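Okay, so here's the structure we're looking at.
This is a predicted model, so every value here is computed, not measured. Naming: A, B, ... by sequence-line order, numbering from 1 per chain.
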2 protein chains.
Amino acid sequence: MSNKEQEVLEKYISQHNLKITKQRRAVLEAFLNCEDHVSAEELYKIVSAKEPKIGLATVYRTLSLLTESGLAAELDFGDGQKRYEMNYAHEHHDHMICTECGKIIEFHNEVIEKLQEEVAQKNGFKMTSHKLDLFGICKECQQ
Amino acid sequence: MSNKEQEVLEKYISQHNLKITKQRRAVLEAFLNCEDHVSAEELYKIVSAKEPKIGLATVYRTLSLLTESGLAAELDFGDGQKRYEMNYAHEHHDHMICTECGKIIEFHNEVIEKLQEEVAQKNGFKMTSHKLDLFGICKECQQ
DNA sequence: CTACCTGCAAATTATTTGCCTTAAC
DNA sequence: GTTAAGGCAAATAATTTGCAGGTAG
C-alpha cells in the first residue's frame with residue numbers, strides 16, 4: 001500500500017509536523033477505493049466497516065486534510081452537503097448531474113475552458129478555479 | 001407600486017389560493033431594491049428596517065415563494081448559504097466571484113452556452129439548467 | 001515525553017417546522 | 001367565518017469544536 005496517493009499525503013503530513021495514524025490511512029484508502037463524489041457521511045459508513053471505532057469528526061477532519069494536501073477536491077451540487085472527489089493526477093473536468101437518479105457524468109471541453117479564460121481576462125479577473133455543472137435528465141432516466 | 005414583479009407574484013398567489021400580505025409585499029420590495037445576490041439573512045435585515053416585527057422564517061418562506069413563482073433564482077457559491085437573485089425579465093448569465101472581496105461580476109457568453117448544449121446532447125443528456133462560476137481575484141483586489 | 005490526534009458530546013450555522021394567534025378574502 | 005400566513009421557539013441537518021485521554025515520532 002505504498003501508492004502515489006499515500007506518498008503525497010505523507011509528504012504533506014511530515015511537512016506540516018502532523019502525524020500518520022491508522023485512521024488517516026483508513027480514510028484515505030476508503031476514499032481511493034470508493035466511487036467518486038462521496039459525501040463525508042457516506043465515507044464514514046464505508047470506513048466504519050474496517051475501523052468501527054472511528055468517529056465522524058475524524059472523517060471530516062481527514063477530508064479537510066486531503067483537500068489541503070491537494071489529494072481531494074470539494075464539490076457542491078447544491079443538495080446541502082459537500083462531496084469529494086479524487087484530485088491527484090486527475091485532470092480537470094466538469095459535471096453533468098441527473099436530477100432524477102443523482103448520477104454524475106464527467107466531461108471535459110477544451111474550447112469551453114479557453115473561452116472561460118478569455119472572459120476572465122477581458123474583465124481583468126485573475127481566475128484561480130472554476131466550476132461548470134449541467135443539471136438535467138440522463139439518457140437512462142428518459143426511458 | 002404596481003410594477004411587473006408585483007403582478008407576477010400576485011398572479012402566482014391567486015392561482016395557488018394563497019394570500020397577499022404586507023410582509024410578502026415588503027420582502028418583495030426589499031428584494032427588488034437591494035443589490036443582487038442577497039442571502040436570506042441579509043434580506044431579513046433590510047426588511048426589518050421597514051417591518052420591524054417580521055420574522056426570519058417569513059423571509060425564508062417568502063423567498064421560497066418567489067423562487068417557485070419564478071421571480072427569484074437560488075444561487076449557491078459554496079460559502080454555506082444560499083443567495084438569491086432577480087430572475088424575472090432577466091436574461092441568463094454566469095458569475096465571476098472574487099474570493100478576496102466577495103464581489104460578483106455577471107457575464108454572458110453565447111458560445112459557451114452553445115457548447116454546453118452540444119456536450120449535453122452528445123451524451124444523450126437532456127439539460128434543464130446549468131451554472132458556471134469562475135472563482136478568482138477581481139481587478140481591484142489585484143491592486 | 002511532547003505534541004498532535006481521536007472519540008465523544010456539545011456547539012454552530014443555515015434553514016425548516018410546529019403551533020397557536022392573527023389577518024386575508 | 002374559513003383558511004392560509006405570521007411570529008416565535010424548538011427541531012433539523014451538516015459540519016465544527018472543546019476537551020480529556022491516547023498514540024505517533
Tell me: CG of A:L63 to C1' of D:dA14, nearest whole Å? 13 Å
On the 0 to 90° scale, with breaks at 30° and 60°, tag the B:H93-B:H90 ring pair as parallel, tilted or perpendicular. perpendicular
Reckon B:R61 has a side-chain N or O less than 4.0 Å from the OP1 or OP2 of C:dT16? no
Check whether any side-chain nitrogen or oxygen of B:Q23 sits under 4.0 Å from OP1 or OP2 of D:dG7, and answer yes or no. yes
Side-chain ion pair, B:E140 and B:K103, N-O less than 4.0 Å: yes
Is it the case that the side chain of B:E29 and the backbone of B:A26 share a donor-acceptor pair, with hydrogens and angles ignored and the cut-off at 3.5 Å? no
Note: B:E10-B:R25 ion pair, threshold 4.0 Å (strictly below): yes
So, is A:Y60 close to the D:dT16 phosphate, meaning a side-chain N or O under 4.0 Å from OP1 or OP2? no
N/O (side chain, B:T21) to phosphate O (OP1/OP2, C:dA23) under 4.0 Å: no
A:L65 CG to C:dC5 C1', in whole Å, measures 11 Å
Separation of C:dA14 P from B:E42 CD (nearest whole Å): 11 Å
Suppose we call a contact any N or O donor and acceptor under 3.5 Å apart; does that hold for the side chain of B:K19 and the base of D:dT3? yes
